Amino acid sequence: MTVSRWCRITKAVDTFRRRRAPVEPDIPLLAARIRSRMFLSLRAEVESALRETLADLDLPSDDLGIEEPPEDVESVLASSVAFRLAGEAGAPPPEIAATVADAIDADHLEFVSRVETQGPYLNFLPSEAYFGETLEAAVDPDYGRLADREESVVVEHTSANPTGPVHVGRARNPIVGDAVANVLAYAGYDVARHYYVNDAGRQMAVFTWAYETFDEEDLESEPARDRVEYDLVRYYRKGNAFLENADDDAVEAAEAEIESIMQGLEAGDEATYERVSEVVDRVLGGMRECLARLPAEFDEFVKETRFMFDGQTDDVVARLKELDGAIYEEEAWQLDLSAQGIEKNMVFLRSDGTSLYPTRDLAHHEWKLENFDRAVTVLGEDHKLQAEQIRTSLDLLGNDADRLRQVIYSYVNLPEGKMSTRRGTGVQLDDLLDEAISRAREEVEDRLDDRIRDDDLGEEDIERIAHQVGIGAVRYDIVAKQPAKAITFEWDQALDFEAQSAPYVQYVHARCCGILEEAGIAVESEVETAFDPSLLETEAERDLLETIARFPAVVEEAADDLEPHRVATYTREFAEAFNAFYRECPVLASDVDEDLRDARLALVAASRHTMANALSILGVAAPRSM
RNA sequence: GGGCGUGUGGCCUAGCGGAGAGGGCAGAAGGUUCCUAACCUUCUGAUCGCGGGUUCGAAUCCCGUCACGCCCGCCA
């Protein structure tokens, strides 16, 4: 990566972060916001107290070394400044730590009860108010949802060419994309979800030609599934096979027809558009049904042809030609981006005068930047170079490219290689989901006999749980991993219901619901009885509250960095904390004091809200029983 | 060949400048008259690909190297 690009990316991240500072003087809103983000409030308090103390001691305070301590340390936040100050102050780190700890007046801090040292580390221990406020905030079913930023973001994801069934190779796109959109929405952005439909490319011209040329009897096989895209993809495959294998004259004739379709679209010919649309809309309709199973829904399907017909692509071409890097070479217009660190020229106008995908995508991106404050695109690693070209070209065309961010993921491959719609290799997402549901159903039925709880699961419940767990497991498995890591698809690995998978975290939610229902509290409603947080004194209860307190910070960081997998990591940590509480702190046992019972019920309700909302960000169902 | 990305116990994975590198699976041993055991506890297992460097401190930053993936089309 070149230095200039690194700087640009860093700048983009900074801009994104800077915007999260509240600028509106809306006091109740601010209060609600601070109130609901305990961990962040604590961090802010620790930072300012530490900075002031260091200033008082005449020590530099530019790097405070604030960090989260290891699990076995009692504090919620720690600092390693003492290491950094050792040279300056001429004393060993533990000594400095002790001096600083003594100088901090914890009595004036709201969320810090005391400051301790452990060797060179400063440890900040939470106050009663920290636990109390956390519980108060988390009893709200909307806990974790950050205040409105009054800023819109368009998240474009999936955008697979409408050539056939959605296969597992690109399943990461809707799953990661939907989670990115969800986490941004939770973080207070006004989110729109877009699917960009590539209806103007050569592939769609081939498809349209093939669909119009061949008949049912020309096709070798039956549709793999009774849905439109499985039916039509056979024409697409047939067409491609024909172009590869037929004799030269036949191929030439076919190419002429394909070319005329592309020229028709370029010219804005209504009849051609109708022909292509019939194929595009039908196939897309089937793909939407598949994606809806995840579920991944979209606010808008934006067609590429739209930017050809409205003149925006021509406008982009005209402006690109005016740029310094524009060159006319080998009868085609290209953009030399070597000055921007990209060695590969971007061709933006073919020798026959038609536009290319990147040209239209530039018009599309300008449209997004006009209509939204920010734009996020989720795309496969094979589009990385193109993404850089788009970003750089947008910048050269006078757009603020920092408002655009791209999330790149690696494809899911089969052990024997890539999945391909055209060649018909690959595992269909529908099949994966079906298999997941059926395996989940087996699990539910196997467990039916030795259930302790007598809640009499009916056939409907079994069906519901099988869907929630099966689809949840597939989504969780994908969204929990960093997108940049390559995944090789294997059935048993994708459908592992063991610990650290969706059912493990879903089970926590079901346990919460079980307790609340047993106590006669409607799961969806707010907690109405009074409770006293200070009664929650055991280590398990405190750990759970500390974990709950971190949730809004997790949402914020995941949104800032567009990394929903952090929320998945959090659900695991949360499940551990809850299971320890569940094991050690009975809620409804007869020997539990009534006030303690109420406090613990509030904690269970808070836990349920936290887990339900975290799962909702991941797009994984939160079952009320399992 | 060039660019970008990824390499963490047998397998999967978190951490990406600070406290014996967390989890999970697989393997071994335990736990249910008690709010669902899709749970929990304990044990076994890691020179964080390799070699240098920067730093008080490196899995994390820098350089080199190896392996794998992706890209380098007037395709999308």
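Model, not experiment: these values are computed from the prediction.
A:Asp361 contributes no side-chain N or O that forms a donor-acceptor pair with the base of B:rA76 under 3.5 Å.
Taking 4.0 angstrom as the limit, A:Arg451 places none of its side-chain polar atoms (N or O) nearer than this to OP1 or OP2 of B:rA38. A sub-4.0 Å separation between OP1 or OP2 of B:rA37 and a side-chain N or O of A:Tyr582 is present. Under 4.0 angstrom from either OP1 or OP2 of B:rA76 there lies no side-chain N or O belonging to A:Asn161. Side-chain N/O atoms of A:Tyr357 include none lying less than 4.0 angstrom from OP1 or OP2 on B:rA76. Taking only side-chain nitrogens and oxygens, A:Gln482 comes nearer than 4.0 Å to OP1 or OP2 of B:rG15. For A:Gln506, no side-chain nitrogen or oxygen approaches OP1 or OP2 of B:rA38 to under 4.0 Å. Taking only side-chain nitrogens and oxygens, A:Lys485 comes nearer than 4.0 Å to OP1 or OP2 of B:rG7. Side-chain N/O atoms of A:Arg350 include one lying less than 4.0 angstrom from OP1 or OP2 on B:rA76. For the pair A:Arg84 and B:rG57, the criterion of a side-chain N or O lying under 4.0 Å from OP1 or OP2 is not met. The side chain of A:Arg447 contributes an N or O atom lying less than 4.0 Å from OP1 or OP2 of B:rA38. Proximity of A:Lys418 to the phosphate of B:rC71: a side-chain N or O atom is located under 4.0 Å from OP1 or OP2.
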Please list, one pair per line, the donor and acceptor atoms closer than 3.5 Å that link side chains of residues 355-362 of chain A to other protein atoms, with sequence neighbours excluded.
{"unit_1": "A:Ser355", "atom_1": "OG", "unit_2": "A:Glu266", "atom_2": "OE1", "d": "3.4"}
{"unit_1": "A:Ser355", "atom_1": "OG", "unit_2": "A:Glu266", "atom_2": "OE2", "d": "3.3"}
{"unit_1": "A:Ser355", "atom_1": "OG", "unit_2": "A:Arg360", "atom_2": "NE", "d": "3.1"}
{"unit_1": "A:Thr359", "atom_1": "OG1", "unit_2": "A:Phe348", "atom_2": "O", "d": "2.9"}
{"unit_1": "A:Thr359", "atom_1": "OG1", "unit_2": "A:Leu356", "atom_2": "N", "d": "3.3"}
{"unit_1": "A:Thr359", "atom_1": "OG1", "unit_2": "A:Leu356", "atom_2": "O", "d": "3.2"}
{"unit_1": "A:Arg360", "atom_1": "NH1", "unit_2": "A:Glu304", "atom_2": "OE2", "d": "2.4"}
{"unit_1": "A:Arg360", "atom_1": "NH2", "unit_2": "A:Ser355", "atom_2": "O", "d": "3.0"}
{"unit_1": "A:Asp361", "atom_1": "OD1", "unit_2": "A:His364", "atom_2": "ND1", "d": "3.0"}
{"unit_1": "A:Asp361", "atom_1": "OD1", "unit_2": "A:His365", "atom_2": "ND1", "d": "3.3"}

Residues 511-521 of chain A side chain polar contacts: donor-acceptor under 3.5 Å, at least two apart:
{"unit_1": "A:Arg511", "atom_1": "NH1", "unit_2": "A:Asn579", "atom_2": "OD1", "d": "2.8"}

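Evaluation of the ring pair (Phe, Tyr, Trp, His ring centres under 6.0 Å) rule for A:Phe578 yields A:Phe581 as partners, not counting sequence neighbours. Partners of A:Glu442 by salt bridge (charged side-chain N to carboxylate O under 4.0 Å, His left out), not counting sequence neighbours: none found.
Pair assignment for B:rG1: B:rC72, on the basis of Watson-Crick or G-U wobble contacts that are both within less than 3.5 Å. Within the shown strands, B:rC43 is the pairing partner of B:rG27 under the Watson-Crick or G-U definition, both distances less than 3.5 Å.
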Do any N or O atoms of the protein come closer than 3.5 Å to N or O atoms of nucleotides 30-33 of chain B, and which pairs are they?
none

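B:rA19 and B:rU13: their P atoms are spaced 23 Å apart (whole Å). To the nearest whole angstrom, the two P atoms, one in B:rU6 and one in B:rG17, are 13 Å apart. Remark: the separation of the P atoms in B:rU41 and B:rU32 is 15 Å, to the nearest Å. When the C1' atom is compared between B:rC25 and B:rC68, the two are found 23 Å apart, to the nearest whole Å.
Put simply, the side chain of A:Arg237 gets close to the backbone of A:Thr421: a donor and an acceptor are under 3.5 Å apart. With A:Asp199 contributing its side chain and A:Lys303 its backbone, the two residues share no donor-acceptor pair below 3.5 Å.
We find that CD of A:Glu381 is positioned 16 Å from C1' of B:rA76, with the value rounded to whole Å. Put simply, NE2 on A:His383 is 18 Å from C1' on B:rG3, counting in whole angstrom units.
Contact annotation for A:Val508: no contact, since no heavy-atom pair falls under 4.0 Å across all strands.
Using a 4.5 Å heavy-atom threshold, the side chains of A:Leu337 and A:Gln389 count as touching.
Residue pairs satisfying the side chain to side chain donor-acceptor pair (under 3.5 Å) criterion with at least one member in residues 73-94 of chain A, sequence neighbours excluded, are listed as follows: A:Asp63-A:Arg84, A:Glu67-A:Ser80, A:Ser75-A:Asn123, A:Ser80-A:Arg84.
For A:Asn579, whose side chain is taken as the heavy atoms from C-beta onward, the closest listed nucleotide among B:rA38, B:rC40, B:rG69 is B:rC40.
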